[in-house]
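To start, the structure under review is shown below, and the notes come after it.
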Amino acid sequence: RNLPDYIVDCGDTTFVVAVKGTANFKEKEVKMLPLFLEWYSSKEAPLVYAFCFKDQPPKLVYPEKIIELYKAEIDKKWDDGVIYRTLKL
């Protein structure tokens with residue numbers, strides 16, 4: 001469920017890309033970002049999140065920035081009890 005979606009080869013650089021369709025980021029997912037960096041990211045192929053919203057170009061955000069944005073927001077909770085925060089992108 002949390003595997004990156006794409007490997008993108010841009011010629012000089014390769015990216016490991018996880019696609020998100022919303023600015024909502026789950027607490028449990030942000031806590032796993034250090035592991036995702038260890039597992040999926042490297043100097044040669046960094047992990048990046050592509051936030052894709054209707055009628056907008058994708059916003060590419062590195063996991064370190066996601067953690068920073070997450071810390072700046074407040075907890076919300078879905079009906080099922082899952083805690084998340086809406087990132088200001």
Side-chain angles (χ1 to χ4, degrees):
R1 181 164 179 102
N2 288 309
L3 289 173
D5 299 290
Y6 298 98
I7 303 295
V8 179
D9 182 356
C10 297
D12 296 350
T13 308
T14 300
F15 294 94
V16 178
V17 182
V19 177
K20 302 270 299 170
T22 176
N24 296 329
F25 222 89
K26 296 176 189 172
E27 177 186 48
K28 65 181 179 179
E29 189 173 3
V30 82
K31 286 180 177 179
M32 293 182 70
L33 283 177
L35 284 175
F36 295 163
L37 284 165
E38 182 182 327
W39 294 341
Y40 307 127
S41 192
S42 71
K43 188 172 136 181
E44 299 80 21
L47 174 64
V48 66
Y49 280 76
F51 289 87
C52 300
F53 307 129
K54 187 175 180 178
D55 299 325
Q56 295 180 31
K59 296 177 193 253
L60 301 178
V61 183
Y62 288 97
E64 297 85 357
K65 182 67 174 177
I66 291 171
I67 293 168
E68 179 183 319
L69 292 169
Y70 189 88
K71 288 178 180 178
E73 299 305 324
I74 59 169
D75 285 349
K76 300 177 184 178
K77 191 183 290 189
W78 283 307
D79 292 338
D80 62 0
V82 173
I83 296 170
Y84 71 98
R85 295 181 185 182
T86 303
L87 306 181
K88 286 195 175 101
L89 300 168

Rounding to 0.5 Å, atoms CD (E27) and NZ (K77) come to a distance of 9.5 Å
| query | Are Y6 and L60 grouped together when hydrophobic residues (ILVMFWY) are joined by side-chain heavy atoms under 4.5 angstrom apart? | reply | yes
Between L87 and I66 the two heavy atoms that sit nearest each other are CD1-CG2, 3.9 Å
Distance col, row L37:CG vs S42:OG, nearest 0.5 angstrom, shows 11.0 Å
Rounded to the nearest 0.5 Å, the CG atom of L89 sits from the NZ atom of K65 at a distance of 9.5 Å
Heavy atoms of T22 and F51 approach each other most closely as O-CD2, 3.4 Å
Which of F25, Y62, Y70, Y40 passes ring-ring contact (aromatic ring centres under 6.0 Å, His included) with Y49? It is F25
NZ (K43) and OG1 (T13) are apart, to the nearest 0.5 Å, by 12.0 Å
* Asked: With hydrophobic residues grouped by side-chain heavy-atom distances under 4.5 Å, do L3 and V19 end up in a single group?
  -> no
Shortest non-hydrogen pair, P63 vs L33, comes out as O-CD1, 3.9 Å
Quiz item: Do F53 and V17 sit in the same hydrophobic cluster, where Ile, Leu, Val, Met, Phe, Trp and Tyr count as joined when their side-chain heavy atoms come under 4.5 Å apart?
Solution: no
Checklist entry - Is it true that atom CG of D80 has more than 12 heavy atoms of other residues, nucleotides or ligands lying nearer than 6.0 Å? => result yes
Cluster question for you: counting only ILVMFWY and a side-chain heavy-atom cut-off of under 4.5 Å, with indirect links fine, are M32 and L69 together?
-> yes
In this structure, CZ of F36 is separated from NZ of K31 (nearest 0.5 Å) by 13.5 Å
Notebook entry, point to check: If you group Ile, Leu, Val, Met, Phe, Trp and Tyr by side-chain heavy-atom gaps below 4.5 Å, do V61 and V48 land in one group?
Noted result: no
To the nearest 0.5 Å, atom CG of D75 lies from atom CZ of R85 at 4.0 Å
Looking only at heavy atoms, the pair that brings C52 and P58 closest together is SG-CB, 4.0 Å
